[in-house]
Amino acid sequence: MTTSARNPLVVPVYIPSLILMFGNGMLIPILPLYAKSFGVSYGVIGVVLAAEGVGRLVGALPAGGLLGRIGQRSSMVLGVSCVAVSTFMLFWARDISEIIFYRFAAGIGGSLWNIACHAYLADATAVFHRGRALSTFGGFHRIGSFAGPAAGGALGLSYTLETPFLVFAALAAVVVFIAIFAFGTGSSRVTPTVGPLRLTRTLGIFKSHFRELATAGTGQLFAQTIRAGRPVVIPLYAADAIGLDVQAIGWIITVSALVDMSLFYPAGHIMDRYGRKFAMVPCFLIQAIAMAAIPYTHSFTGLLLATSLMGLGNGIGAGTMMTLGADLAPGDSMGEFLGAWRLVGETGHMGAPLVVGGIADLLGLSPATFAIAGFGLLAAGTFAFLVPETLKDRPAPDVSTRGSLKE
């Protein structure tokens, strides 16, 4: 297994991911308000926001199998092409069902892209550099998310709510070309297998790794639920409870993302030096506290403080779920395992908007926010007491390898 210093293609994985997350970040303050403009309920808005997660969920296992058949570069190109086309089509949507379908398709494409990148980084880095490599990958996601919401809010205010869809589609098209030309050869170390054998291996992952998926996977499900709840709760609470406009909402999300992205290097260092749990448990405990504080805010400043604390918690856990999944993945079936791992995580990603929308319709936004905070507490507790530490036999610092990973 090589370190990232010996593999120059690690950095090109980061750059297109940053571009995609910038585009995706533009949609955070836009999508809830765009769906609301069709005159639908909170529950339907929740379905719109969950559609991408459903696509990721449905696409997780097939993506893991497809990765083993066509390789990492082809999977990246196919996945991001799907994101580009489906996002472009949002501009032309004329009813809520179209929006749901296009977001679902984007989720399938995003699942294939993410699993291919995850497998590449897990394969390209040594275990004691893995935390930093994957937290850097998560950090680049956060850098993209930092500027995205403010840009999306400004575009939505200055032009129309549909304008960010066109910009994101153009950015995704750029990533298609980067993936084609930056990952020319050697970007996949997977040996292709025929369909029936690949399906058997995929299904066998659930049997042979049931314990890991039942414990660590449950923790990840709770973790992704609170993470996916953030972009649902914040715009709706800001608009409906406080009365903020789309640009103000974009700035709140952007500042939270700024705090978030500033911590990806410390997160990786903590994981590689002290252990994965030292980053995971504080991450979700802090997020739970911050989420529970949102209903007590009544102004731009108050909400900004709560979301900034949330960004602090999430930043401490940059790359934790990817690192944990890579630690647990078997070398001979990495694509299949990561597909199963993503399947569990995407269940939480999909479920959060449905939880928020359903509870908000019945009881109001504040109870929905408390429910999402509860998932953060469950995540912290699961990782603290039920999941073993996956960084074993921590080595003494070696000056010959110090600085070998370019962050």
Side-chain angles (χ1 to χ4, degrees), residues 25 28-29 32-33 42 45-46 49 142 145-146 149-150 153 219 221-264 266-267 279-318 320-321 348-349 351-384:
I28 292 176
L33 305 182
Y42 283 134
I45 293 173
L49 299 180
R142 287 156 170 77
S145 297
F146 158 63
L221 187 150
F222 295 147
Q224 300 297 11
T225 300
I226 188 170
R227 281 177 161 172
R230 294 169 60 197
V232 185
V233 167
I234 294 170
L236 292 176
Y237 186 85
D240 292 355
I242 302 180
L244 301 179
D245 63 31
V246 64
Q247 189 166 30
I249 295 170
W251 279 112
I252 285 175
I253 296 170
T254 294
V255 172
S256 176
L258 174 62
V259 176
D260 193 332
M261 76 173 189
S262 67
L263 295 168
F264 71 85
M280 291 188 294
V281 176
C283 165
F284 299 107
L285 180 60
I286 293 172
Q287 285 190 79
I289 294 171
M291 182 68 74
I294 285 180
Y296 299 102
T297 64
H298 305 289
S299 65
F300 175 91
T301 302
L303 185 59
L304 179 65
L305 291 173
T307 56
S308 296
L309 179 61
M310 204 176 301
L312 172 67
N314 199 47
I316 293 173
T320 51
M321 296 300 97
H349 185 87
L354 300 178
V355 170
V356 173
I359 296 178
D361 273 344
L362 291 174
L363 304 174
L365 272 175
S366 293
T369 303
F370 289 130
I372 294 296
F375 283 103
L377 291 177
L378 289 172
T382 301
F383 290 130

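Every value quoted in this text rests on a predicted model; they were computed, and no experiment measured them. Sequence positions, counted from 1, serve as the residue numbers for this chain.
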Heavy-atom pair with the smallest gap, counting every atom of Ala352 and Gly229:
CB-N, 3.6 Å

I'd like to check the side chain to side chain contact (heavy atoms under 4.5 Å, CB included) partners of Ile359; sequence neighbours left out, ordered by chain and number.
Val355, Leu363, Pro367, Ala368, Ala371

Rounded to the nearest 0.5 Å, what separates atom OG in Ser256 from atom CD1 in Ile252?
9.5 Å

To the nearest 0.5 Å, atom OH of Tyr237 lies from atom CD1 of Ile249 at 12.5 Å

State which residue, out of Ile226, Leu305, Ile286, Ile294, fulfils the side-chain contact (heavy atoms from CB on, under 4.5 Å) condition with Met310.
Ile294

Residue pairs fulfilling side-chain hydrogen bond (donor to acceptor under 3.5 Å, both in side chains) with at least one residue in residues 353-378, sequence neighbours excluded
none

For Ile234 against Leu303, the heavy-atom pair lying closest together
O-CD2, 4.4 Å

Drop me the distance from Gln287's CD to Leu309's CG, to the nearest 0.5 angstrom.
9.5 Å

What pair of heavy atoms forms the shortest contact from Val259 to Ser308, and how long is it?
CG1-O, 3.6 Å

Can you check whether Phe375's main-chain N or O pairs, donor with acceptor, with Thr225's side chain at less than 3.5 Å?
no

Taking all atoms of both residues into account, what is the closest heavy-atom pair of Gly348 and Ala228, and its distance?
O-CB, 4.3 Å

Would you compute the distance between atom CG of Leu221 and atom CE of Met321 and round it to the nearest 0.5 angstrom?
11.5 Å

Per the salt bridge (Lys or Arg N to Asp or Glu O under 4.0 Å) rule, what does the pair list look like for residues 221-233, sequence neighbours excluded?
Arg230-Asp260

Val255 vs Thr307, test: side chain to side chain contact (heavy atoms under 4.5 Å, CB included). Steps then yes/no.
CA-CA 8 Å; Val255 172; Thr307 56; over 6 Å; no

Rounded to the nearest 0.5 Å, what separates atom CE in Met261 from atom CG in Leu263?
10.0 Å

Please round to the nearest 0.5 Å and tell me the distance separating atom OG1 of Thr382 and atom CZ of Phe284.
10.5 Å

So do the side chains of Pro32 and Val232 get within less than 4.5 Å of each other, counting heavy atoms only?
no

On a heavy-atom basis, which atom in Ala267 and which in Ala279 lie closest, and how many Å separate them?
O-CB, 4.4 Å

Looking only at heavy atoms, what is the nearest atom pair of Gly219 and Ala379, with distance?
O-CB, 3.9 Å

